[in-house]
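First, the structure itself, so that you have it in front of you.
By convention in this document, chain letters (A, B, ...) are assigned in the order of the sequence lines, proteins followed by strands, and residues within each chain are numbered from 1.
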2 protein chains.
Amino acid sequence: MDISPITIPDVVVRRLPIYARSLAYLAEEGIESVSSQELGERIGVTAAQIRKDLSYFGEFGKQGIGYNVEYLLGHIRRILGLTDSWPVALVGAGQLGQAIARYEGFSTRGINIVGVFDNDPDKVGMDLGRLIVQSYAEMAKLIDNQHIRLAIVAVPASQAQQVVDQLVEHGVRGILNYAPIVVQVPDGVWVRHIDPVALLHSMTYYLAREEARSHVDQQ
Amino acid sequence: MDISPITIPDVVVRRLPIYARSLAYLAEEGIESVSSQELGERIGVTAAQIRKDLSYFGEFGKQGIGYNVEYLLGHIRRILGLTDSWPVALVGAGQLGQAIARYEGFSTRGINIVGVFDNDPDKVGMDLGRLIVQSYAEMAKLIDNQHIRLAIVAVPASQAQQVVDQLVEHGVRGILNYAPIVVQVPDGVWVRHIDPVALLHSMTYYLAREEARSHVDQQ
DNA sequence: ATGTGTGAATTACTTCACAGCG
DNA sequence: CGCTGTGAAGTAATTCACACAT
């Protein structure tokens with residue numbers, strides 16, 4: 001029934017934003033052309049990987065030259081659906097939620113936080129500069145009315161699942177989850193997790209082994 | 001020269017902290033035993049994957065029963081080097097750095113932020129509750145004296161590389177980088193990146209396609 | 001010359017499926 | 001029985017290497 005034959009591997013989709021990010025810096029620097037080799041060195045992937053990844057979507061380079069930075073960046077942005085900015089609901093107005101709400105780096109990259117929500121009555125009404133914390137009731141209305149598809153969850157782990165359930169119920173289809181818990185969502189809903197502690201733990205593994213090794217070496 | 005034959009795939013190492021996190025919740029709930037099936041359902045991986053991952057490190061389960069939660073958790077913590085807490089330097093005392101400094105979830109999981117540093121004279125001296133912002137000169141001293149191996153970088157992209165260079169120079173071997181740039185490090189130094197915008201962009205890809213599809217369907 | 005785009009080869013990762021143990 | 005641990009089988013992802021375009 002569906003015509004599109006090949007689905008793009010998720011690993012590739014996850015790399016595209018990194019390519020876009022690096023290309024944006026190159027554009028800022030006024031660099032007009034870049035080879036897969038050069039781009040790869042900047043972001044720590046092989047040239048072949050970049051070429052292969054891009055080949056899923058078309059032919060954007062010129063043999064013997066490389067890629068036109070603006071041209072490729074425009075294409076990747078279009079592929080990622082970043083031609084318009086995306087309205088995003090932010091749930092949780094604690095330390096982390098406040099920092100996210102105040103972070104300037106979202107709007108410059110097509111992410112527009114349109115509401116901050118918390119169920120703590122003490123937080124509702126709080127002024128976060130550009131935004132004022134609202135209740136969950138307002139959240140439901142906003143998502144419905146403005147057709148919000150993306151949300152950031154920055155609530156404690158104990159509340160994350162029920163918040164996600166509510167978001168999904170109202171039509172959110174992509175969730176960036178800062179709570180240290182794997183949330184369950186139905187098919188068709190995307191979740192990405194951010195757990196800084198888990199990332200640190202995946203490094204302590206190597207550091208602990210290195211530490212042990214160097215002690216042995218000293219014997 | 002080295003005896004250890006098989007090196008563990010990094011994907012496996014990255015999953016261990018997720019297993020540990022989930023096991024810690026199970027322990028809190030008072031659950032004593034868990035099967036790979038049950039654990040897998042909680043965290044969204046297959047039972048076979050969990051068993052295979054664990055098999056790299058030993059045999060921790062009992063046939064017909066499953067895994068003792070405390071026992072397995074203890075083993076994973078030991079594997080990850082989490083028997084003692086890790087001292088960590090935090091660089092950058094902006095909105096994000098402040099939120100990280102105040103976050104309670106580090107200390108409960110073996111990560112102890114022992115210093116916050118910023119090169120902005122206006123920020124140095126700032127009271128962040130448990131910690132006071134110090135200068136980069138103090139940072140170098142602390143890393144040297146306390147033998148700090150882990151750092152969190154929460155400075156603007158433009159400063160990230162030079163901060164990382166300094167950290168590495170003083171002996172830091174694991175870096176959690178919040179700056180939206182891929183930093184270059186020598187061999188033997190580990191870096192993990194957190195870029196919420198890139199994660200959101202990897203979801204807009206799917207949402208944009210879904211959106212387009214539903215419009216076609218309506219014709 | 002230089003650097004893309006891509007099938008083929010390789011390597012890495014996941015899942016299967018079942019022997020064996022409690 | 002139920003569920004682990006694990007070789008074998010099956011997928012997926014990456015890298016190679018080269019024809020071809022500029």
**Request:** Return the minimal non-hydrogen interatomic distance between B:Ala208 and A:Trp86, and the atom names on each side.
**Result:**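 Looks like N-CH2, 3.9 Å.
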
**Message:** Has A:Asn112 got a side-chain atom pairing as donor or acceptor with A:Ser85's backbone, closer than 3.5 angstrom?
**Reply:**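 Such a contact is absent between A:Asn112 side chain and A:Ser85 backbone.
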
**Prompt:** Counting distance only, does the side-chain N/O of A:Gln159 pair as donor-acceptor with the main-chain N or O of A:Pro156 below 3.5 Å?
**Reply:**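 Judged by distance alone, no pair lies under 3.5 Å.
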
**Message:** Below 4.0 angstrom, which residues in residues 38-46 of chain B have at least one non-hydrogen atom near DNA chain C?
**Reply:**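 B:Thr46 - these, ordered by number, are the residues of the stretch whose heavy atoms sit under 4.0 Å from the strand.
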
**Message:** Distance check needed: C:dT14 P versus B:Asp53 CG, whole Å only.
**Reply:**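 Rounded to the whole Å, the gap is 7 Å.
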
**Prompt:** A:Leu176 and B:Met203: side-chain contact (heavy atoms from CB on, under 4.5 Å), yes or no, with the steps?
**Reply:** CA-CA 9 Å; A:Leu176 182 61; B:Met203 294 191 285; 4.3 Å; yes

**Request:** Starting from P on C:dT6, measure out to CD1 on A:Ile50 and report it in whole angstrom.
**Result:**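 From A:Ile50 CD1 to C:dT6 P: 16 Å.
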
**Request:** Mind calculating the distance between CD1 (B:Ile8) and P (C:dA12) to the nearest angstrom?
**Result:**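 In whole Å, C:dA12 P and B:Ile8 CD1 are 14 Å from each other.
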
**Message:** Measure CG/A:Leu72 against C1'/C:dG5 and give the value in whole Å, please.
**Reply:**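 Spelled out: CG on A:Leu72 to C1' on C:dG5 is 14 Å.
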
**Message:** Test side-chain hydrogen bond (donor to acceptor under 3.5 Å, both in side chains) on B:Arg42 and B:Ser22; report intermediate values, then the result.
**Reply:** CA-CA 8 Å; B:Arg42 289 214 170 210; B:Ser22 192; 5.1 Å; no

**Prompt:** How many angstroms lie between atom CZ of A:Phe60 and atom CG of A:Asn68, to the nearest 0.5 angstrom?
**Reply:**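 Spacing of CZ (A:Phe60) from CG (A:Asn68) equals 12.5 Å.
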
**Prompt:** Is the centre of the B:Tyr71 ring less than 6.0 Å from the centre of the B:His75 ring?
**Reply:**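 Ring centroids of B:Tyr71 and B:His75 are less than 6.0 Å from each other.
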
Distances under 3.5 Å only, N/O to N/O: pair up the protein atoms with those of nucleotides 16-22 of chain C.
residue	atom	partner	partner atom	Å
C:dA17	N6	B:Arg51	NH2	3.2

**Message:** Going 5' to 3' along DNA chain D, between which two nucleotides do contacts with chain B fall, using a heavy-atom cut-off of 4.0 Å?
**Reply:**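 From 5' to 3', the first and last contacting nucleotides are D:dG2 to D:dA8.
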
**Request:** Using atom types as modelled and distance alone, determine if a side-chain donor or acceptor of A:Trp190 lies under 3.5 Å from a backbone N or O of B:Leu207.
**Result:**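 Between the backbone of B:Leu207 and the side chain of A:Trp190 there is no qualifying donor-acceptor contact (under 3.5 Å).
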
**Request:** Step through the shown structure and confirm whether more than 12 heavy atoms of other residues, nucleotides or ligands are within 6.0 Å of CZ on A:Arg109.
**Result:**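 Enclosed: over 12 neighbouring heavy atoms sit under 6.0 Å from CZ of A:Arg109.
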
**Asked** What is the distance, rounded to the nearest whole Å, between atom CD of B:Gln37 and atom P of C:dT15?
**Response**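 Interatomic distance, CD of B:Gln37 to P of C:dT15: 12 Å.
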
**Request:** State whether the side chain of B:Thr204 and the backbone N or O of A:Leu80 hold a donor-acceptor pair below 3.5 Å, judged by distance alone.
**Result:**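 Yes; judged by distance alone, with no hydrogens or angles, the pair exists.
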
**Message:** Strictly distance-based, threshold 3.5 Å: is any side-chain N or O of B:Glu70 a donor or acceptor partner for the main-chain N or O of B:Ala27?
**Reply:**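 Not confirmed, B:Glu70 side chain does not pair with B:Ala27 backbone.
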
